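Because only heavy atoms are used, hydrogens play no part in the values below, and waters and symmetry mates are left out as well, while side chains stay in. What you see is a predicted model; the values in this text were computed from it and never measured.
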Amino acid sequence: MKNIFFSATAQSKTIVTDYTVEIYAATPSQCIEFENKIYFSRLCETGCKNFNCKWACPPNAPTFSTIALPWSELYIIYMRMPMCAFAGIKNEYLRIKAANSMLKSRADKYMRKLAEKYGKYISTGSCRLCKPCKFKEGKPCAHPSVMAYSFEALGIDVGALINKYSDYPLLWYRKRNLPDYTSVVCGLLTNEKIALEELKWQYFNIIR
């Protein structure tokens, strides 16, 4: 498994923190072993407000194996941000929310640029292009060519996927138990073999 990892710095009005980016070169077939669409669709149905409310979410999202069929390469991007930098925020849930917002905005910007050049983007969460999603109005997706599904919506066990490739497991926020770091996972499906150093260079070129 080829991989690269590097540090970057994120800054807001009140927060400055380093975070880690790991990129793994894989193939779609190596990811399909973690697909369990029925199980994860049921989890979405019982635990997520977006279930049956967005074109990009279950039960409307296809399987990963269906989406991945035209593509030969998969690059998995795993980004982690330490929670210690957010100690100034008293509410623990708001700390997680702030950190996730910083990570997701960077991941989305980076991955959409890569998708324009190389292929298809697997997002960090539910599609956020339209508010509300046209699904709620009984209309077709307004941006089908750029709408992005998450690994989870496609039925992938992301926790198991990351455990296979990284030494740092996904950590979850639970009441009165703030994790050491929060993270996002996204991916790029493509038919090009891209040098990992090139993906690193492009990250710093896009995320300034």
Phe5 atom CZ, over 12 foreign heavy atoms within 6.0 Å: no
Check against side chain to side chain contact (heavy atoms under 4.5 Å, CB included), Ile206 and Lys109: CA-CA 8 Å; Ile206 295 167; Lys109 184 177 181 180; 4.0 Å; yes
Under 3.5 Å: donor-acceptor pair, side chain of Asn3, backbone of Ile23: no
Side chain to side chain contact (heavy atoms under 4.5 Å, CB included) assessment of Lys136 paired with Cys53: CA-CA 6 Å; Lys136 288 187 175 182; Cys53 290; 3.8 Å; yes
Nearest atoms (heavy-atom pairs only) where Pro58 meets Phe51: O-CD1, 3.3 Å
hydrophobic_cluster_shared for Ile162 and Phe40, side chain cutoff 4.5 Å: no
Rounded distance (nearest 0.5 Å) linking atom CG of Asn50 with atom CD of Glu45: 13.5 Å
Lys97, NZ atom: more than 12 neighbouring heavy atoms under 6.0 Å: no
For the student: nearest non-hydrogen atoms of Thr124 and Ala107, plus distance: CG2-CB, 3.7 Å
Student check: side-chain heavy atoms of Cys186 and Ser123 closer than 4.5 Å: no
Inter-residue atom distance Cys141.SG - Met147.CE, 0.5 Å rounding: 4.5 Å
Common cluster, Val184/Ile207, ILVMFWY with side-chain heavy-atom separation under 4.5 Å: yes
Spatial distance of atom NZ (Lys193) from atom OG1 (Thr27) [nearest 0.5 Å]: 8.5 Å
Aromatic ring pairing Tyr173/Tyr93, orientation class (parallel under 30°, perpendicular over 60°, tilted between): tilted
Pairing residues for Arg80 by the side chain to side chain donor-acceptor pair (under 3.5 Å) criterion, not counting sequence neighbours: Glu22
Polar side chain donor-acceptor pair, Ser7 to Asp18, under 3.5 angstrom: no
Flag for Asn191-Tyr118: side-chain donor and acceptor within less than 3.5 Å: no
CZ/Arg42: more than 12 non-hydrogen atoms of other groups inside 6.0 Å: no
Short side-chain to backbone donor-acceptor contact, Trp55 and Ala61, under 3.5 Å: no
Asp167 atom CG: more than 12 heavy-atom contacts under 6.0 Å: no
Short side-chain to backbone donor-acceptor contact, Ser166 and Asn163, under 3.5 Å: no
Where Ile194 and Thr190 come nearest, the two heavy atoms and their spacing: CD1-CG2, 4.3 Å
Derivation and outcome, side chain to side chain contact (heavy atoms under 4.5 Å, CB included), residues Leu189 and Glu73: CA-CA 6 Å; Leu189 289 163; Glu73 311 297 327; over 6 Å; no
Where Pro62 and Lys37 come nearest, the two heavy atoms and their spacing: O-CE, 3.1 Å
Hphob cluster co-occupancy, Ile76 + Met111, side-chain heavy atoms under 4.5 angstrom: no
Shortest non-hydrogen contact between Tyr165 and Ala26, atoms and distance: OH-CB, 4.1 Å
Check: Lys113 and Gln202 side chains under 4.5 Å, non-hydrogen atoms: no
Residues in ring pair (Phe, Tyr, Trp, His ring centres under 6.0 Å) contact with Phe6, at least two apart in sequence or another chain: Tyr203, Phe204
Donor-acceptor under 3.5 Å (Glu137 side chain, Lys134 main chain): no
Tyr149 to Ile67 - nearest heavy-atom pair and separation: CE1-CD1, 3.8 Å
Any Ser12 side-chain heavy atom under 4.5 Å of Met102 side chain: yes
Contact check, side chains of Tyr110 and Val21, non-hydrogen atoms, under 4.5 Å: no
Salt bridge (Lys or Arg N to Asp or Glu O under 4.0 Å) partners of Asp157, counting only residues at least two apart: none
Ile32 side chain reached by Ile156 side chain, heavy atoms, under 4.5 Å: no
Connected via hydrophobic side-chain network under 4.5 Å: Trp172 and Leu43: no
Glu35 and Ser65: side chain donor to acceptor below 3.5 Å: yes
Val158 reachable from Tyr181 in the ILVMFWY side-chain graph, under 4.5 Å edges: yes
Donor-acceptor pair between Lys54 and Ser126 side chains, under 3.5 angstrom: yes
Minimum side-chain heavy-atom gap Thr9-Val16 below 4.5 Å: yes
Gap between atom CZ of Phe86 and atom OG1 of Thr182 - 0.5 Å precision: 9.0 Å
Note, Cys31 side chain near Phe151 side chain (heavy atom, < 4.5 Å): yes
Candidate pair Leu114 and Tyr75, rule side chain to side chain contact (heavy atoms under 4.5 Å, CB included), full reasoning: CA-CA 11 Å; Leu114 290 185; Tyr75 294 89; over 6 Å; no
NZ/NE/NH1/NH2 to OD/OE distance under 4.0 Å, Glu192 and Lys117: no
Validation row: Leu188, Ile122 side chains within 4.5 angstrom (heavy atoms): no
